[in-house]
Structures are given as C-alpha cells and as structure tokens.
Amino acid sequence: MRQPTGAENRPRISARQLGCLRSLTHTVGSLGSLVRSMAFGGAQARATDLWPGGVRARCRNVLLTVLPLVLVGLGVSLALGHAGVAQERAPVHAVVDLGHQFTFYADGRFHRQYLPDQPVAMSWGALFHYDFANANLLILLGCDPHLRYVPEDIHTISAFLDEGGGVVLLGSTADEPQNALAREFGCAFGPPAQKPLRAASAPVAGEIAGGGDILNLQDTNQWRVLMVDAQGKPMLARRTMGKGTLLVGARGLAGQNPDASDNINAAWWQPLLADVASGKRVDPAQPFRSRGWGELEHSESLGPITLRYSSYLKPYAKSMADIHARCRPVIERRMGVPLAEGMASEIVLLATGGGGFSSGRTLGLAVFWGGFPDREDSMIEFITHESVHSWVLPFAEVWNEPIATYVGNLVMIDMGHEAEARRRIRDTIARASRLDPTMTLYDLEGKGRAGARSLGRGEANDIHWGKTFWVFEQLRQDNPDVIARYFQAKRRLAGPDQLKQYDVHATVGVLSVALERDLFPWFNAHGIEADPGKSSIAPVAEAPALRPRGHVFFQADFEGTDALHGWAGSGKLECGLQRSHVPAARLHPPGGVWLRPRLAVPGRDRG
C-alpha cells in the first residue's frame with residue numbers, strides 16, 4: 001500500500017478557515033500601518049515628534065490600544081488551526097459487513113487501504129444483531145446471490161442513517177441483492193460506464209482508476225453526483241438521509257485483492273469516507289469492536305465439532321453438517337492418523353462460494369462452494385482440503401496447498417465421485433507436463449535446472465501443483481496407502497520437540513522411512529533437490545533406493561478399474577492408475593477449470 005507523504009500527513013484546513021486566516025492577516029497588516037501612522041504622523045510628522053522621547057510615548061499609547069486586538073487575532077488563528085487538526089483526526093468507526101458475503105478483502109483489507117490508523121471492526125453475523133451505538137460508518141461491499149437483505153437489515157440501515165451514520169453501498173448490475181438494496185433508497189445500478197471517468201464534485205479529483213456500472217437515480221434533486229463517466233452518467237453519488245449520508249457507487253472503484261495490493265483511488269476515498277461518517281460523533285474511549293464468528297447467532301454441538309453460523313445461513317446448516325459428518329471419517333482413513341486434540345474442532349459457515357480458511361482449531365467453510373448444495377463433489381474436495389491443513393500440523397507441508405486438494409480428490413473417489421476426481425488429478429498433472437514433459441527440469445517451486453527457461457508466476461504455480469500430484473501418483477503405484485503411511489511417519493518422527501523446521505529434506509526423509517526405501521536419489525533425479533545430509537530424519541538403513549520412473553498418466557479413455565487389467569489397489573479406499581504408453585508430448589488432456597481455494601489464517605493473513 002502506498003504510504004502517505006509528509007504533506008498528506010499534515011493537518012488540513014477548510015476553505016472557510018483559510019478565508020478567516022486571510023482576513024486576519026489583512027487586519028494585522030492594516031494595524032501595522034495604523035501603528036506607523038499614529039506613531040509618526042505620516043508624511044506631515046513634525047520634527048519634534050521624531051525625537052526619541054516623542055516616539056516612545058506615541059508607540060506606548062499605540063501598543064496599549066492595538067496589542068489586545070493582535071492577541072485576540074492570534075487566539076482566533078490558533079483556535080482555527082486546532083479546529084482543523086481536530087476535524088482531520090475525527091475518529092471513524094467503520095463496520096464492514098461479512099455476514100452477507102465473506103471475502104478476505106472485506107476482512108480488514110478495506111480498512112488498511114482506505115481507513116488507515118482507524119479501528120477495524122467487522123460484522124460476521126446478521127447486521128440487525130450488531131450494536132452500532134459507537135459506530136459511524138457502515139461498509140456494504142457485496143451480498144452473495146444466494147442471500148438478500150431482509151427487512152430487519154433495511155430497518156437497521158435506515159435507523160443508522162437517521163441518527164447520523166454514514167453508509168457506503170457498492171455494487172453492480174449483476175449483484176442483484178446490492179441492486180435491490182439500492183432501490184430501497186432511490187437508485188439502481190445500470191449498464192457499464194464508458195471511460196474515461198471524471199470527477200464531478202469534491203473530494204473526488206484527478207485521474208480515476210477502476211470502473212463499473214453507472215447509477216440510475218430516481219430523483220436527481222436528492223443526490224449530489226461525485227463522479228460521472230464519459231457520457232456524463234453518474235457512477236458515484238451521495239444523498240442526505242435523516243442526519244446521515246448514503247454513498248452509492250460502482251464496486252470497481254475500490255480495491256478487492258485479498259492482499260490489498262490494489263490501493264486504487266485512496267487519495268479521495270480516505271477524505272470522502274471521513275466526511276460521510278462525520279454526521280455522527282463516536283467516542284474512541286468507549287468499546288468498538290468486531291462481532292466475530294464466536295458470537296454468531298447459532299451454535300450447535302455435533303459430537304467433537306462445534307458448528308457456528310449466522311441467521312442468514314440457517315437454511316444451509318443441516319446440509320453442511322451432514323456432508324462434513326460423512327467426510328470426516330473418510331478423511332481420517334486416508335490420512336492414517338486422527339486429528340490432534342482440538343484441531344478442526346470448530347466449523348464456521350461463510351456466506352461465499354469463493355474460499356475458506358483453516359487456523360488449526362477453526363475451519364471456515366464456504367457454504368456455496370462448487371455449486372453446493374445442488375452438487376457435492378467439489379464440497380467434498382473443499383472440506384477435505386481445509387481439514388488437511390489442520391491434520392498436517394504442527395508443521396505445514398512443502399506442498400501445503402496441492403497435497404490438501406490431492407487428498408480431497410482421493411476422498412472424492414472414496415465417496416463415489418471417481419470420474420470427476422480422476423479428471424481433476426489428470427488435468428492438474430497435464431498442466432505441469434506441458435512445461436516439464438519428463439518431470440526432471442523444475443523443482444516444486446518452479447525453479448529450473450541449468451538450461452531450463454525461467455517460468456512466469458502462473459507457470460511456476462502449475463509446476464508446484466502438478467508435480468506434487470505426479471509425485472504421489474508415482475508413489476501410489478507400489479504403495480496405494482502412501483498418504484496414510486507418510487502422515488503416520490510424520491506424526492511419529494516430526495514433532496515440535498524433534499524438529500526446528502520441516503523442509504524438503506525432512507519431507508523426503510519421512511517419506512523414505514514411511515515407504516522403507518531411500519527416496520533421495522529418486523527426488524533428485526526428478527528435479528527436486530533433497531539432501532539426506534540436511535535432514536534430521538535419515539532414510540531406513542539398507543533400504544533399497546526407488547528407481548526413477550517415467551510418467552504415469554491417465555489414458556483419455558480411462559473410466560474405471562476395468563482399465564487397470566485387474567489391478568484395483570486395496571479394493572476399499574484406493575483406485576489404481578495405469579502407465580500410459582502415449583508419449584507425454586502427444587497427450588491432449590480434456591479442458592476444464594479446476595477450482596483452487598483462496599486460503600488464509602485468521603489472526604495473521606486471511607488473504
């Protein structure tokens with residue numbers, strides 16, 4: 001985020017205050033002329049008046065008359081200056097709504113960009129349960145299309161405006177819940193704006209980044225337009241409601257990246273938000289905080305799990321509880337070890353289809369992930385993914401994200417979604433094989449050996465995911481239960497009292513112990529530099545080395561265990577693979593978009 005310059009950090013003085021100061025300066029200048037005139041009599045001054053005694057007497061009389069006026073003027077000046085500082089530093093207590101739509105950006109990043117140095121607060125539950133007594137700004141960035149603003153929400157928003165609070169409503173034509181709420185207050189989102197955008201009223205100024213849809217205002221006399229598109233159509237407008245201010249605009253005019261890297265239009269957003277919030281006084285000395293997931297309206301005890309959710313998500317709670325209950329024992333069989341005590345013991349339902357998080361103890365699950373509840377295959381993968389992040393602790397994996405989804409695909413197979421799971425595994429490997437057909441050129445981070453071309457960020461990510469999947473598919477040929485054996489060995493050998501860090505060297509050491517063979521030569525032959533001398537976990541003594549193998553791919557027509565010519569793994573949890581006789585360069589995997597969760601850890605970075 002761009003840091004404020006020294007000039008931006010100085011107190012600002014309003015135009016009215018500046019006018020007063022100019023008048024004061026003019027008055028002081030006039031008083032100076034008066035002093036000279038009274039002291040010396042102007043051009044007609046007598047010679048005797050210029051004697052030192054005469055001058056002193058006249059100056060004494062003038063100063064006794066004028067000095068009180070000067071002091072009063074200085075007092076006014078100081079008061080105005082202090083008023084400007086106070087106005088600039090007026091506290092803004094803004095609440096961002098996470099209950100209608102959870103995003104990592106809304107969870108603190110909006111504050112970081114546009115309300116720096118102001119207290120951060122989020123409402124994880126229903127708006128009508130939040131205490132707005134010491135808040136003066138409400139930020140509504142979006143609403144999941146499965147939800148809507150209920151009458152209690154609209155009443156809460158209206159009451160907040162009546163008492164002087166400011167409300168910022170951002171949206172688009174496609175965001176129907178936001179549109180419906182905007183219509184309650186006399187406007188709606190229309191077609192896309194035409195660039196360039198330009199300022200129509202202060203404090204919006206300068207070049208405007210972003211974009212979005214225009215606004216259709218029902219009664220233009222009630223609105224003050226702050227920004228228009230190239231055709232003069234409004235994109236950002238405000239109106240007075242009660243004692244407060246409603247600001248409505250296109251969602252694309254503000255940032256939205258989970259890492260807060262798109263700090264667009266901050267130069268005018270920051271003063272604008274302070275002004276919108278200025279209709280209500282708040283007390284920094286009084287409590288002002290988030291209403292977090294621990295205070296959600298509903299909490300259910302489901303054996304070892306506590307399920308928490310808002311009033312908005314109550315219709316989906318039973319389906320989420322059911323699918324998690326079915327997934328958990330299958331995940332445990334795949335992982336080969338139970339969860340450590342207290343891990344993944346709390347589930348928080350999130351109003352989104354876009355991602356979740358794991359903090360060890362708490363899992364945040366996106367209720368609408370992958371089309372749930374209409375279909376469950378992606379939700380199985382997603383629940384497994386987030387759960388595995390808790391299972392692997394206390395040390396994260398060198399392939400932390402991909403292995404979590406890989407296990408999710410295996411659990412999908414176990415729960416009856418074989419074809420889709422195999423397609424996802426195959427497509428993930430294929431994306432890496434297009435960059436590294438022999439799987440020998442790049443390590444897990446996409447760093448190439450001598451002579452290999454440098455990869456872009458997206459290509460390196462494809463290698464990271466695809467090579468992880470490929471490694472475990474290779475190892476599963478001879479050891480269908482490799483995942484379980486690996487995590488059993490890790491739980492036994494890699495505790496926090498045994499290791500300082502868990503890197504690629506330790507990882508290969510644990511895998512070698514788990515499979516009872518020295519895997520270091522095999523990993524190095526496939527571009528992943530692992531040194532047994534740097535691992536505190538040595539391979540099993542006299543264990544045979546795993547011979548480097550070629551590729552393992554699914555045939556394009558691979559549909560089930562019949563294609564394995566009788567080999568079907570354990571017959572319970574495993575599905576087999578066959579070695580493809582088609583050269584890697586000739587493989588044309590089917591297209592498709594594979595979902596990847598956006599993850600974060602509460603308390604550190606949920607981006």
Side-chain angles (χ1 to χ4, degrees), residues 331 334-336 358 381-382 384-389 391-392 395-413 421-449 455 457-487 489-490 494 502-512 514-515 519-520 522-530 546 548-554 575 577 584 589 594-599:
I331 300 170
R334 276 289 179 185
M335 296 295 289
S358 171
E381 179 195 81
F382 178 59
T384 304
H385 181 113
E386 299 297 350
S387 299
V388 167
H389 282 314
W391 240 285
V392 305
F395 291 111
E397 294 287 317
V398 295
W399 32 45
N400 208 49
E401 299 300 327
I403 196 174
T405 293
Y406 177 73
V407 176
N409 293 153
L410 299 183
V411 172
M412 282 175 61
I413 292 171
R422 287 172 174 161
R423 183 190 69 79
R424 296 182 186 192
I425 293 173
R426 179 181 64 241
D427 289 354
T428 304
I429 294 174
R431 281 192 292 275
S433 72
R434 285 193 287 268
L435 300 167
D436 188 359
T438 61
M439 290 294 182
T440 59
L441 297 179
Y442 299 97
D443 65 11
L444 288 173
E445 303 305 318
K447 180 181 178 182
R449 289 180 167 176
L455 300 179
R457 183 176 179 180
E459 293 175 321
N461 189 60
D462 286 343
I463 287 289
H464 182 60
W465 284 76
K467 198 153 193 173
T468 297
F469 277 44
W470 180 83
V471 163
F472 281 99
E473 288 294 272
Q474 287 278 287
L475 298 178
R476 280 207 317 129
Q477 288 184 92
D478 294 334
N479 302 276
D481 60 346
V482 59
I483 293 292
R485 293 174 66 174
Y486 169 58
F487 283 107
K490 182 183 180 184
Y502 193 70
D503 54 17
V504 67
H505 313 294
T507 298
V508 177
V510 170
L511 268 170
S512 297
L515 302 185
L519 293 176
F520 282 94
W522 185 81
F523 271 87
N524 280 280
H526 287 87
I528 302 172
E529 296 182 3
L546 181 66
R549 300 185 177 194
H551 280 78
V552 175
F553 286 99
F554 285 105
C575 77
L577 307 180
W594 179 68
L595 301 174
R596 298 176 187 171
R598 295 176 295 171
L599 303 166

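For the single chain, residues carry numbers from 1 onward in sequence order. Since the structure is predicted, the reported quantities are computational estimates derived from the model, not experimental observations.
With H526 as reference, T440 is the one residue of V471, T440, T438, D436 to meet the side chain to side chain contact (heavy atoms under 4.5 Å, CB included) rule. Partner of I463 under the side chain to side chain contact (heavy atoms under 4.5 Å, CB included) criterion, out of L444, L441, L435: L435 alone.
The closest side-chain heavy-atom distance from W522 to V508 is not below 4.5 Å. With contacts defined as side-chain heavy-atom distances shorter than 4.5 Å, the pair F472/L410 does not qualify. Put simply, the side chain of E397 reaches to within 4.5 Å of the side chain of F487, judged on heavy atoms.
For the pair L515 and R485, the tightest heavy-atom approach, listed with the atom from each and the gap, is CA-NH2, 3.7 Å. A484 and G336 get closest at one heavy-atom pair: CB-CA, 3.6 Å. Here the closest non-hydrogen pair linking V407 and M335 is CG1-SD, 4.1 Å. Contact between A396 and Y502 at its shortest, heavy atoms only, is O-CD2, 3.7 Å. A404 approaches V388 most closely through the heavy-atom pair CA-CG1, 3.8 Å. A pairwise comparison of heavy atoms in D462 and A432 identifies O-CB, 3.5 Å as the closest pair.
H385 and H389 have perpendicular rings, their planes meeting at more than 60° on a 0 to 90° scale where under 30° would count as parallel. Ring geometry for Y486 against W399 counts as perpendicular: the plane angle is over 60°, on a 0 to 90° scale with 30° as the lower cut.
Atom-to-atom distance recorded for L511:CG and F520:CZ is 9.5 Å, nearest 0.5 angstrom. Between R334 atom CZ and I413 atom CD1 the span is 6.5 Å, to the nearest 0.5 Å. Atom OG1 of residue T405 and atom CD of residue E381 lie 5.0 Å apart, to the nearest 0.5 angstrom. The line from CD1 of I331 to OG1 of T384 is 3.5 Å long, rounded to the nearest 0.5 Å. Between the CD1 atom of I483 and the CG atom of L475 there is a distance of 9.0 Å, given to the nearest 0.5 Å. To the nearest 0.5 Å, the span separating OH on Y442 from CG on L455 amounts to 4.0 Å.
Open room surrounds CD on E529; 12 or fewer heavy atoms of other groups in view lie less than 6.0 Å from it.
When atom types are taken as modelled, the side chain of K490 and the backbone of V392 share a donor-acceptor pair closer than 3.5 angstrom. Side-chain atoms of K467 never come within 3.5 Å of backbone atoms of D443 as a donor-acceptor pair (strictly under, hydrogens ignored). Side-chain N or O atoms of N524 include one that pairs as donor or acceptor with a backbone N or O of A530 at under 3.5 Å.
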Exercise for the section: Decide side chain to side chain contact (heavy atoms under 4.5 Å, CB included) for E473 and Y406; before the verdict, give the C-alpha distance in whole Å, the side-chain angles of both, and the deciding distance to 0.1 Å. Expected result: CA-CA 10 Å; E473 288 294 272; Y406 177 73; 2.4 Å; yes
Practice task
Please assess T507 against F523 for the test side chain to side chain contact (heavy atoms under 4.5 Å, CB included), listing each intermediate value before the final yes or no.
Solution key: CA-CA 11 Å; T507 298; F523 271 87; over 6 Å; no
Handout entry: Steps toward side chain to side chain contact (heavy atoms under 4.5 Å, CB included) verdict (M439, I429)
Key = CA-CA 10 Å; M439 290 294 182; I429 294 174; 4.3 Å; yes
